[in-house]
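As structure tokens, the structure follows; a few thoughts come after it.
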2 protein chains.
Amino acid sequence: MLEQGYGALTSRSVAERIGLRHQLVYYYFQTMDDLVIATFRRHMDRFMQRLEDALKSERPLHAYWEVSANPPHGALAKEFMSLANHNEQIRGEMAAYGERSRRLAVESLSGRLQKVAPEPEVFTPYAILMAINSMALVMTFDSSLGISSGHVEMRQLVEWCLRRLEPEPVSPVQQLA
Amino acid sequence: MLEQGYGALTSRSVAERIGLRHQLVYYYFQTMDDLVIATFRRHMDRFMQRLEDALKSERPLHAYWEVSANPPHGALAKEFMSLANHNEQIRGEMAAYGERSRRLAVESLSGRLQKVAPEPEVFTPYAILMAINSMALVMTFDSSLGISSGHVEMRQLVEWCLRRLEPEPVSPVQQLA
DNA sequence: GTCTATACACCGATAGAC
DNA sequence: GTCTATCGGTGTATAGAC
């Protein structure tokens, strides 16, 4: 699926990879759709775990940016997005995961964001996080296409904002100095 | 392709739509791939035309945002993106169109952006335009999935920034007053 | 669990009649 | 230009032997 698109994810192609007959797929999964759903869930669960870990780190906002901008498989995410276009179940699950991950990020970051954001009426936690997320997503998509122009500048812009919103923590040693 | 994904774009499905036999596709296009490429080019050429028109308007930055955030077919764009994952020709053309459209926008907007941007070292024209573009793209993708949480807030954030960067033009009548 | 055998539909593409 | 006929290949899925 990653290499050749969701159209290439067939019972025969799966079976060939593991050196078995294609009929075995229907023994473990009832239909090909079930296999796709299971794959999608495993993929998303891994991402959610990474996200949770990032949000627990010392600089969660920076970590959120890093996790968003460096997903394990940008091309795979695109493939699932297309699948969602015409698979109702995938679409529903993807929407649910998306909302959940955003809620998780907002809940754990809104406290510190509200304190430091300029123009709090405009720069709400949700808006800030979505902006970060959007830029990360586009950079990922671009990269998998082979586009990289403007990435350095956009990355600098994001990281400049991040430093404002979440300054480097001062260690006790530095405080003494 | 829009309704059921690129996997459903077959010579037979195309022929059925126009009430002819599927073999005709190979008369007009040599292969199915050629048809896909031609469709992609027509799609992108339309978008480029819309973009050019927007950049010629009175408030080009606002128009750029509107064009980016309201593409004719968000789902179709996603489908082409997936196609690009495993079709080298589509990938190359998409990259070229992407770079071209960004260059076009930067060239026609960098003049006025450089004048008004705060922290010009960070808020370069390219970075600003890519940020706008990124948020527009994600809102489009979200919408086609059925996600809309956070959109109002992000839209307000973008439009607040846009008003700062490109204030409403003052008409001669208003100037008199 | 893994296999063989098989049904049935659909795909891209070509050849050749009209 | 549009058609009929046809090829070989691949897809999902089921039945049943071992």
Side-chain angles (χ1 to χ4, degrees), chain A residues 1-45 73 75-95 97 144-145, chain B residues 1-45 73 75-95 97 144-145:
Chain A
M1 186 166 165
L2 181 60
E3 291 160 11
Q4 300 181 305
Y6 63 79
L9 187 75
T10 67
S11 54
R12 284 173 159 92
S13 68
V14 170
E16 197 187 358
R17 282 292 172 101
I18 54 175
L20 293 172
R21 300 283 133 177
H22 70 274
Q23 295 93 329
L24 262 294
V25 171
Y26 304 100
Y27 174 75
Y28 287 102
F29 304 87
Q30 289 199 313
T31 68
M32 279 303 293
D33 251 30
D34 292 348
L35 184 152
V36 171
I37 301 279
T39 308
F40 175 71
R41 286 194 185 140
R42 200 161 73 159
H43 182 73
M44 291 308 292
D45 286 341
H73 293 303
L76 195 55
K78 280 200 278 190
E79 215 61 38
F80 277 123
M81 265 201 178
S82 301
L83 260 176
N85 279 345
H86 37 271
N87 180 320
E88 201 174 341
Q89 200 175 352
I90 292 275
R91 184 166 62 247
E93 300 222 2
M94 182 172 275
Y97 272 107
S144 76
L145 276 179
Chain B
M1 186 167 165
L2 182 59
E3 292 160 11
Q4 300 181 303
Y6 61 79
L9 186 76
T10 67
S11 55
R12 286 168 167 89
S13 68
V14 170
E16 196 187 358
R17 283 290 173 103
I18 54 175
L20 293 172
R21 301 281 132 179
H22 71 273
Q23 295 92 331
L24 262 293
V25 172
Y26 303 100
Y27 175 76
Y28 288 101
F29 304 87
Q30 289 199 315
T31 67
M32 279 303 294
D33 251 31
D34 292 346
L35 185 152
V36 171
I37 300 280
T39 307
F40 174 71
R41 285 194 185 141
R42 199 160 75 158
H43 182 73
M44 290 309 291
D45 285 341
H73 293 303
L76 195 55
K78 280 200 278 188
E79 214 61 39
F80 277 124
M81 266 202 177
S82 302
L83 261 175
N85 279 346
H86 39 270
N87 181 321
E88 201 174 341
Q89 200 175 351
I90 292 273
R91 183 166 62 248
E93 300 222 3
M94 181 172 277
Y97 273 107
S144 77
L145 276 180

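Chain identifiers are assigned alphabetically (A, B, ...) following the order of the sequence lines, protein sequences preceding nucleic acid strands; residue numbering begins at 1 within each chain.
Whole-Å rounding puts the A:Leu35 CG to D:dG11 C1' distance at 15 Å. The distance from atom CZ of B:Arg21 to atom C1' of D:dT6 is 15 Å, rounded to the nearest whole Å. Rounded to an integer number of Å, the gap from OH of B:Tyr27 to P of C:dA15 is 16 Å. Remark: P of C:dT14 and CE of B:Met32 are 13 Å apart, rounded to the nearest angstrom. Atom OH of B:Tyr26 and atom C1' of D:dC7 are 13 Å apart (whole Å). The interatomic distance linking B:Leu24 (CG) with C:dC18 (C1') rounds to 14 Å, in whole Å. Here C:dT14 presents its P atom at 12 Å from NE2 of B:His22, a figure rounded to the nearest Å. In this structure, CD1 of B:Ile18 is placed 14 Å from P of D:dG1, rounded to the nearest angstrom.
Considering only side-chain N and O atoms, A:Arg12 lies nowhere under 4.0 angstrom from the phosphate OP1 or OP2 of D:dT12. OP1 or OP2 of D:dT2 lies within a sub-4.0 Å distance of a side-chain N or O belonging to B:Tyr28.
Along DNA chain D, the nucleotide closest to A:Asp33 and the one closest to B:Gln23 are compared, and the more 5′ of them pairs with B:Gln23.
Ion pairing between a basic and an acidic side chain is recognised when a charged N comes within 4.0 Å of a carboxylate O; A:Arg17 and A:Glu3 show such pairing.
For the pair B:Lys78/B:Leu145, a side-chain contact is recorded, criterion being any heavy-atom separation below 4.5 Å from C-beta on.
A distance-only check finds a donor-acceptor pair linking the side chain of A:Ser13 to the backbone of A:Ala8 [under 3.5 Å].
Residues A:Glu79 and B:Asn85 bring a donor and an acceptor atom of their side chains to less than 3.5 Å of each other.
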